Amino acid sequence: MLAFIGRRIAISFLILFGSSFLVYNMEAIAGDPLAGLAESNAENKVYLIQRLTAQLQLDVPPPARYFLWLKGIAGIFVGNLDFGKTRSGGEVLDLISAAVPITLRLVTAATFLAIILGVSIGVLSAIRQYSRLDYTMTFISFLFFSLPVFWIAVLLKQYLAIGFNDFLADGKISTTYLIAIPILFGVIAATFIGGGRKRFWISFGIAVSSSGLVMQLLNAISWFQKPGLGIVLVVLFSAGLGITVAGLTMGFDNKVGRYAALSVVALGAIIYVPFNMVPGSWLNLPIMLGMAVVTAFIGGVIGRFWAKEDRGALTRIGAITAVITALFTILDKLMQIWNPYVNSDAIGGRPLPTISAGNDLMTSHNYWWQLLDVLLHLLLPTLGIMLISFAGYVRYARSSLLEVMNMDYIRTARAKGLTERTVVVRHALRNAMIPLTTLIAFDLSGLIGGAFITESIYGWKGMGTVFLSAVGNQDLNLLMGVFFLTSFLALMGNLLADITYSALDPRIRMGK
Amino acid sequence: MAKKDKSLEAGAAEANSIEMRETAGLSQGQLVRKRFFRHRGAMISMIYLVFIVLFLFTAGGIHLGTKNAPFTIPGWWHWTINDLTEVAYGTGDKGQLTVGAPTMNLNPFAGKAFGIGDHPFGQDTIGHDYFALVIRGAQQSIMVLLVVGFIGGLIGTVLGAISGFFGKFIDAVLMRFTDLIITIPTVIIGSVIGMRLGNLGVFPLALFLGFFAWTGLARLVRGDFLTLREREFVDAARVAGASNNRIIFKHILPNAMGVIIVSITLLLSGAILLETALSYVGFGVQSPDVSLGTLISTYQDSFQASPWLFWWPGFFIISIALSVNFIGDGLRDAFDPRQKRKITRKDIAAAHKVEKAAKAD
């Protein structure tokens, strides 16, 4: 095992060496960093060229210059990492370390949401192979596969952001949408519920009329201008989702699971009031993350408290329900500050931004305002990235589960009389997830490279933008810095994927 | 309950007999073709793709060669991408000023002149015919599709096959080489080609994208070869004295064809999106030549005033990529021997009919 990992790491470094050498020389051939200066009319042109040549050591031919660069990188072993300097004389390392958090903020949420949504829809699609849902999802995932991200981004900006901002001016849903949105809801609900033609129309009717009523109600109370959930809805939504989670893991007729979920929600309801009184100035990201961990832990303890058997499942139900309740509480808190936020001078009634990673004027406000601001800025790019990567997960999860469902052990599980839910959730899903983990590990390692198109469209100054501008300006050191970091992480992710694969699937042995 | 089970059983038996009848006496190729033709989405996509390729290359003509030594066959469309026409000003639906609005009107009741008009997709802001521009851009996409598919497919299949078949040292070296190529970002390739060979059009770009796009395919083919070479028929061939070449090409490759073709279609739709994305960020096709990506990046800001400048390139990218994806899906279904088709009511009725006829005899 250790020998295998050691060998793989050694090989990874060799690959990294080879590819960085290639990229360095290719890029050095691609453009002359002095070309811009040579054409300029500056009086001190000769001096400028000399200075840049000295600064970037351009008098050394590229293959040799690469080794000078590599010497700086190798400094990491003696605690003296040097990525070199950019054209304008800044430290590459500084630029990169400023860009990484921005990129992470952009892609993390999008990737996780895409994985969760994509896998669950893919699983559903596989369980109901050849159903209406399956055909619709197949078509939609193919469509999303074929969408250029820059094209969809423009549409999102135009119709989602600008359209929503215009709508918010009076906050009343127009008649067209009052008809169109319930019908859309109806079709979606009926497709997901499935069943025969009769059941389709019944669920369609219920979904249309209920969502139509809800929209009328929202309109009547101007909800979009003063949104909020209140403790009642927070409890109801969390309880509903908690019971669903319990039902999926332990069966819908299992009382203990339901009680565990409901008791966690009850505790959440008790905490709701004091939580809302916590001043925003006390909070920041580390505190919030710490609270999330504590929440999940407490939820798990409560779940475990109920357990006579099936401890793991109940702990999981408790923890997941606790996190869900906390998320709804936070959502409610954000909705409470929505109205003052939208009407503040910095926002001016148009809350959905089409560009930049955050509003600079928000830094003086408390944590909730900043959180809302960041989330709103994340909305469009997240949606764009999600739509595209989601399709891949749907296809992959679907085909993976279909393959597993044909296995002998699934037939055995069915034959011994297990319910279909147990067969799918406990036997099929776990095995279907094994190949998916490798895909996920691989994707996560690619996160840091950023989505350069999305970043450049929405004006996020993350890794992607830095990389693009470095390529455009022939800023070789900057480019190599980004490249080195991303491909290093990609190779490590690759290794991690292999290790998880063999850890999850005992049939796979490493080093063979 | 018992009744239901019985009908289920009968259904299963029926399904079985239908499948048996369908597979009786057909070669692998015939089976694949038959299953493919039955995939409605794939068939529609196939027809669409053939139609669109013919349409694009007859309308826009064929443009090859370099800027200094062009090789051109003109198409039937009367404008080219270099023609500057007089910009048509008009008023839109809401009374706003429109610049170069599309003249195409396929709604006979709209009150405007029916037909495609002089500039069916409108004009850009300086008077280029947008139809000609979009056609040219879509041609580039098709060109990328063909070249990347050929080069990438060839390299990927050969390297994957060698790696999977011989295994051991050769496999290790080739797979590490694949890892090396994967780490090189395509933007770098785009920028090198763009800066050095920018005036040669899309062809060199597609060529180089092909040189770097085979990695996924090679991994898949390798995996398939790894499992196939352990199979009995390969042992049998070896015992019979077949050479490595013969085993690879005559015995294993036909069995791996499904994986290869399907992943090549994935490669193709990926290549179209890659080229447009590269062109969009400025590292692909360079001006004055156009690509669907450069068209979108040039005109995305005029979405409010002239939305047609934005819709048409998007339509072509999506429709071409989508139809390639659907063809891939159809091929995957067709090549998968475990694939069970949904038994429709029509099939059951047909089976009953055949059975009745058999009984009557």
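Everything numeric in this text was worked out from a predicted model, so none of it was measured. Chain naming here is simple, since letters A, B, ... match the order of the sequence lines and numbering starts at 1 in each.
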Student: Select, from B/Ile296, B/Asp301, B/Ile181, the one with the greatest count of heavy-atom pairs under 4.5 Å involving chain A.
Tutor: B/Ile296
Student: Checking side chain to side chain contact (heavy atoms under 4.5 Å, CB included) for the pair A/Ile457/B/Tyr280: CA distance, chi angles, key distance, verdict?
Tutor: CA-CA 10 Å; A/Ile457 292 172; B/Tyr280 176 87; 3.4 Å; yes
Student: Check whether any side-chain heavy atom of A/Met26 sits under 4.5 Å from a side-chain heavy atom of B/Ile188, and report yes or no.
Tutor: yes
Student: Kindly compute the distance separating OG (A/Ser487) from CD1 (B/Ile182), expressed to the nearest 0.5 Å.
Tutor: 12.0 Å
Student: Would you confirm whether A/Trp151, through its side chain, and B/Ile317, through its main-chain N or O, come within 3.5 Å as a donor-acceptor pair?
Tutor: no
Student: Any donor-acceptor pair under 3.5 Å linking the side-chain atoms of B/Thr183 with those of A/Ser19?
Tutor: yes
Student: Heavy-atom pairs under 4.5 Å with chain B are the metric here; pick the option from A/Glu27, A/Gln474, A/Gln158 that has the most.
Tutor: A/Gln158
Student: Examine whether an atom of A/Leu22 lies under 4.5 Å from a heavy atom of chain B, and if so say whether it belongs to the side chain, the backbone or both; otherwise answer neither.
Tutor: side chain
Student: Between B/Asp329 and A/Arg395, does at least one N-O distance fall below 4.0 Å, as a salt bridge requires?
Tutor: yes
Student: Please look at B/Ser269 and chain A and tell me whether the side chain, the backbone, both or neither of the residue comes under 4.5 angstrom of a heavy atom of that chain.
Tutor: neither
Student: Return the option, out of B/Asp179, B/Val324, B/Ile189, with the maximum number of heavy-atom pairs under 4.5 Å with chain A.
Tutor: B/Asp179
Student: Please tell me if the side chains of A/Ser146 and B/Ile320 come closer than 4.5 Å, counting only heavy atoms from C-beta onward.
Tutor: no
Student: What do you reckon, is CE of B/Met46 surrounded by more than 12 foreign heavy atoms closer than 6.0 Å?
Tutor: no
Student: Kindly compute the distance separating OG (B/Ser279) from CZ (A/Phe150), expressed to the nearest 0.5 Å.
Tutor: 8.0 Å
Student: With a 4.5 angstrom heavy-atom cut-off, is it the side chain or the backbone of A/Leu491 that approaches chain B, or both, or neither?
Tutor: side chain
Student: Please flag which part of A/Ile162 lies under 4.5 Å from any non-hydrogen atom of chain B: side chain, backbone, both or neither.
Tutor: side chain
Student: Could you walk me through whether A/Ile15 and B/Phe177 pass the side chain to side chain contact (heavy atoms under 4.5 Å, CB included) test, one step at a time?
Tutor: CA-CA 8 Å; A/Ile15 291 174; B/Phe177 177 63; over 6 Å; no
Student: Determine whether A/Leu468 and B/Phe283 make a side-chain contact, defined as any pair of heavy atoms from C-beta on separated by less than 4.5 Å.
Tutor: yes
Student: Quick one: what part of A/Ile29 sits under 4.5 Å from any heavy atom of chain B, side chain, backbone, both or neither?
Tutor: both
Student: Please name the pair of heavy atoms, one in A/Pro148 and one in B/Ile318, separated by the smallest distance, quoted to 0.1 Å.
Tutor: CD-CG1, 3.8 Å
Student: Quick one: does A/Leu155's side chain get under 4.5 Å of B/Phe303's, heavy atoms only?
Tutor: yes
Student: Is any side-chain heavy atom of A/Phe144 closer than 4.5 Å to one of B/Leu322?
Tutor: no
Student: Check this for me: A/Phe488, atom CZ, are more than 12 non-hydrogen atoms of other residues, nucleotides or ligands nearer than 6.0 Å?
Tutor: no
Student: Could you check which of A/Leu143, A/Leu14, A/Leu402 has the highest count of heavy-atom pairs closer than 4.5 Å to chain B?
Tutor: A/Leu143
